[in-house]
Amino acid sequence: MIYIVTAHSAFNENMPIYIQIMDLIKQRICAGQMGMGDKLPSVRDMAVELRVNPNTIQRAYQELEREGMVFTQRGMGTFVTEDKDRIGSVRNELAGRLVQQFIDGMTSLGFQEQQILYHVKSYLEHQPTTGADDNERG
Amino acid sequence: MNTVLELENLKKRYGLRWALTGVDLTVNEGEVLGLVGPNGSGKSTMLKLIAGLAHPTDGKVLINGQKPGPESKAHTAVLPDADYVYRWMTVRQAIEYVSGFYEDFDHDKAGRLIEMMGIEPGMKVAHLSKGMNERLKLVLVMARNADLILLDEPLGGIDPTSRDKIICAIATEYRWEHSAMIIATHLIRDIEPLFDKVLFLKNGQAELYGNADELRSKYNGSIEDIFKEVFV
């Protein structure tokens, strides 16, 4: 499950916290909140922000480096990768997980493929768009 | 990585009642150990033995390789369950008083913490609410640059704001590179993300012991969930 973590108290402790932190950072990178080559917050700062043990943050950073999402420069810190393809593939991976969650949920409600697609299309069509359309609706 | 604390087959008996029946654990520099168990499971007894306030019936407590004594006490900060701050003092006076006992007391840290916690320095301790009292107790502990920090129920019976302030203060001011910390509690939910390791104490013995995230993986639950399973 991907949990969109916004505040320190929003952790789901059922799952290893370092994995949730990795997801949080991946989300921030894929959403553009952190740019390529940007410096990640220090382990300590992140630990305080999220109210989590710094060893847990450290582990998350190490795993992210193993996965090629970030790289560490001795004495300088940890930085977001400059590898656009890597970010793109992680973005797709996160999308895949969200889709799976959604499909699983819909399937458990008894919906078939066509109905699921209908629901998605219908939702997207009725979403408010920016600018001109809003004025028309008045 | 230094081992700050080592317990070897630690046992404690009060009269006929066994409080601890053989506990082994290690806490290394920079580690936070969550000591969880219901009331009466032996958590406070264990902390007392580590703090050198009582002697083991059998087994060993080793702090930096030595038995608890004046040396270890000078570098160990304890937050006890009970209130111990003189009620007639003001907050400011209480800080002055406690700082006199410890070389490692850091006045700047104390000032920062008092402000972070929103405590009125001029207020009499007797007039503080329970939540404010608990915050002050924590300030007096965290203001020290101690090697070993023992917190006995730091979140006991207080409002959510105070709980949050206390957790934030621990996360911010704990010297992760130098100190080791043990947090004994049965109020696990909010504080468990701070744990490196967890020891579940049941009837004076370790029921479960390990790395927090590994336990979460293994049992597919939070530490609080595992607690509910272990202590049905």
Point to revise | Point-to-point distance, once rounded to the nearest 0.5 Å, from CE of B:Met181 to CG of A:Asn53 | key: 10.0 Å

**Study point:** A:Asp83 CG: over 12 foreign heavy atoms closer than 6.0 Å
**Key:** yes

Check your understanding: Hey, what do you get for CD (B:Glu31) to CG (A:Asn55), rounding to the nearest 0.5 Å?
Key -> 7.0 Å

Review point. Is the number of heavy atoms from other residues, nucleotides or ligands within 6.0 Å of NZ (A:Lys39) greater than 12?
Key: yes

Check your understanding: Does a side-chain N-to-carboxylate-O contact under 4.0 Å join A:Arg51 and B:Asp190?
Key -> no

Point to revise | Crowding at CZ, A:Arg91 (>12 non-hydrogen neighbours, <6.0 Å) | key: no

Check your understanding: Between A:Thr56 and B:Asp213, is any pair of side-chain heavy atoms under 4.5 Å apart?
Key -> yes

Check your understanding: Would you say A:Phe102 has more than 12 foreign heavy atoms packed within less than 6.0 Å of its CZ?
Key -> yes

Study note, to complete from the structure: When the 4.5 angstrom heavy-atom criterion is applied to B:Phe195 and chain A, the contacting part is backbone

Practice item. Would you check if B:Trp176 and A:Val43 make a side-chain contact, meaning some heavy-atom pair closer than 4.5 Å? Key: no

Practice item. Write down the atom of B:Arg175, the atom of A:Arg44, and the distance for their closest heavy-atom approach. Key: CA-NH2, 4.2 Å

Point to revise | B:Arg216 versus A:Met15, closest heavy-atom pair with distance | key: CD-O, 3.6 Å

Check your understanding: Is the number of heavy atoms from other residues, nucleotides or ligands under 6.0 Å of B:Glu120 CD greater than 12?
Key -> no

Review point. Chain A: which of B:Ile191, B:Thr172, B:Asp196 shares the most heavy-atom pairs with it under 4.5 Å?
Key: B:Asp196

Exercise for review: For atom CD of A:Gln112, decide whether the heavy atoms of other residues, nucleotides or ligands shown that lie under 6.0 angstrom number more than 12.
Suggested key: no

